[in-house]
J.: 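Please find one structure pasted underneath; my questions will follow.
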Amino acid sequence: MKRRSFFKLGILGGVGGTLASHNLFAGNQPKTTKSINPYNSGKQPLVLSTWNHGVAANAGAWDVLSKGGNSLDAVMQGVMVTESDRSNRSVGISGMPDRTGHVTLDACIMDWEGRSGAVAYVEGYEHPIQIARQVMEQTPHAMLVGKGAEAFAAKLGMPLMKTPIPEVEKEYKEWIKSNPELIVKPIINHENHDTIGMLAMDSNGHISGSCTTSGWAYKMAGRVGDSPIIGAGLFIDQEVGGAVATGLGEAIIRIAGSHTVVECMRHGYTPEEACREAVNRIIKKNKDLTGLQCGFIAMNNKGEYGYYSVYNGFNVAVRNEQMDRLLDAPFDRKW
Ligand code: ASP
């Protein structure tokens, strides 16, 4: 699979820029009738994930959920499918490198008890999500980065792999040749990313989430985006629900994106309205929206879900007992 371009047009289109932002926390509770999705209600197993690769990832998660497994195992197994996909250039071992040629991976995981684990800037391990889970389960910490995270993975017996894979290395060398000036002057390339973020509810109604990425292709060495940061790339609070983000991590970090979505749901927004509010904040805070795509997906503890993005082109894989589909997200503006 080639890295997805955000310029790809959505099939169903979106709502355009007509929806006003809610006056959150100012006593104006939003109407909650909109975006209650007819496809899911109650505490049935449900899995949502970002982008086209979410369909295969959801199948991995569904193997766990359909057998009565818990949502934590489901979100780990689900995104491991994407991490292992040798054709995926934005997640896992086949991801694109930074501008110095190193493939550095970020991931985090969170469960319904509010436990979380994360790793960032990890090189040479196929499943950063497994390392993140072990950080959560075996250490007193919430995040390990770089060499420390790699040493921890080695200690767990995880095999070290060589990155970039040969195909990616070839692409990288061609990129350097054709963009010598970009090596010194970072420019955001909005065509080269696409994190897998996943939210799952199990048959007990417990919600967990995971997020894993190689980040932006040709990022500066040392750059970490939103994806491994709890509250930015992912946030779960079983009292309310969960959210995951994808897109330009810098903009998502600056509004504490996933936490914002969950807090909006806490204050009465539907999942779609909450995602739209986070998108609106990004739009308000960034004068130049060129290439600034961000998307959020969310589910609440009633099993309702929604999603929203800055631009058209974002899609979400949804699977439950009734359906297994890739849906186009509503958006604020068209490319
Ligand atoms: N959010 C990721 C990052 O900034 C990239 C993406 O989701 O497209 O690293």
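Order of appearance sets the numbers: ligands from 1, and atoms from 1 within every ligand.
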J.: Does an N or O anywhere in G247 fall below 3.5 Å from an N or O of ligand 1?
T.: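 Yes, there is a polar N/O contact under 3.5 Å.
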J.: For T246 and ligand 1, does the shortest N/O to N/O distance drop below 3.5 Å?
T.: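 Min N/O separation from ligand 1 is below 3.5 Å for T246.
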J.: If you count every heavy atom of other residues, nucleotides or ligands that lies below 6.0 Å from E239 atom CD, does the total exceed 12?
T.: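 Incorrect, the count does not exceed 12.
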J.: Give every donor-acceptor pair under 3.5 Å between a side-chain atom in residues 54-65 and any protein atom, sequence neighbours left out.
T.:
| residue | atom | partner | partner atom | Å |
| --- | --- | --- | --- | --- |
| N58 | OD1 | S49 | OG | 2.6 |
| N58 | ND2 | A317 | O | 3.0 |

J.: Could you check whether any side-chain N or O of T163 sits under 3.5 Å from a backbone N or O of I165, counting only pairs where one atom can act as donor and the other as acceptor?
T.: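 No; judged by distance alone, with no hydrogens or angles, the pair does not exist.
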J.: Determine which pairs satisfy salt bridge (Lys or Arg N to Asp or Glu O under 4.0 Å) with at least one residue from residues 205-225, sequence neighbours left out, and list them in order.
T.: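 Counting only pairs at least two positions apart or across chains, the salt bridge (Lys or Arg N to Asp or Glu O under 4.0 Å) contacts touching residues 205-225 are R223-E250.
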J.: For ligand 1, which atoms sit closer than 4.0 Å to a heavy atom of T195?
T.: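 Once the distances to T195 are compared, the set is 1 (N), 2 (C), 5 (C), 6 (C), 7 (O), 8 (O).
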J.: In terms of atom number and element, which parts of ligand 1 are under 4.0 angstrom from non-hydrogen atoms of D194?
T.: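 Answer, ordered by atom number: 6 (C), 8 (O).
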J.: Please check this pair: side chain of Y308 against backbone of E272, looking for a donor-acceptor N/O pair closer than 3.5 Å.
T.: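 No; zero donor-acceptor contacts below 3.5 Å.
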J.: Run down the list I252, V244, D226 and name the one with the heavy atom closest to atom 1 (N) of ligand 1.
T.: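 When every heavy atom of I252, V244, D226 is considered, D226 comes closest to atom 1 (N) of ligand 1.
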J.: Could you tell me which atoms of ligand 1, counted from 1 in the order shown, lie closer than 4.0 angstrom to a heavy atom of G249?
T.: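 Once the distances to G249 are compared, the set is 4 (O).
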J.: Check each atom of ligand 1 against the heavy atoms of S227 and keep those under 4.0 Å away; list them by number with element.
T.: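 Those of ligand 1 that fall under 4.0 Å from S227 are 1 (N), 2 (C).
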J.: Which residue, T195, D226, T246, forms the side-chain hydrogen bond (donor to acceptor under 3.5 Å, both in side chains) with T213?
T.: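 Answer after filtering T195, D226, T246: T195.
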J.: Pick whichever of R223, Q293, E250 has a heavy atom sitting closest to atom 4 (O) of ligand 1.
T.: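 Comparing heavy atoms across R223, Q293, E250, the nearest one to atom 4 (O) of ligand 1 lies in R223.
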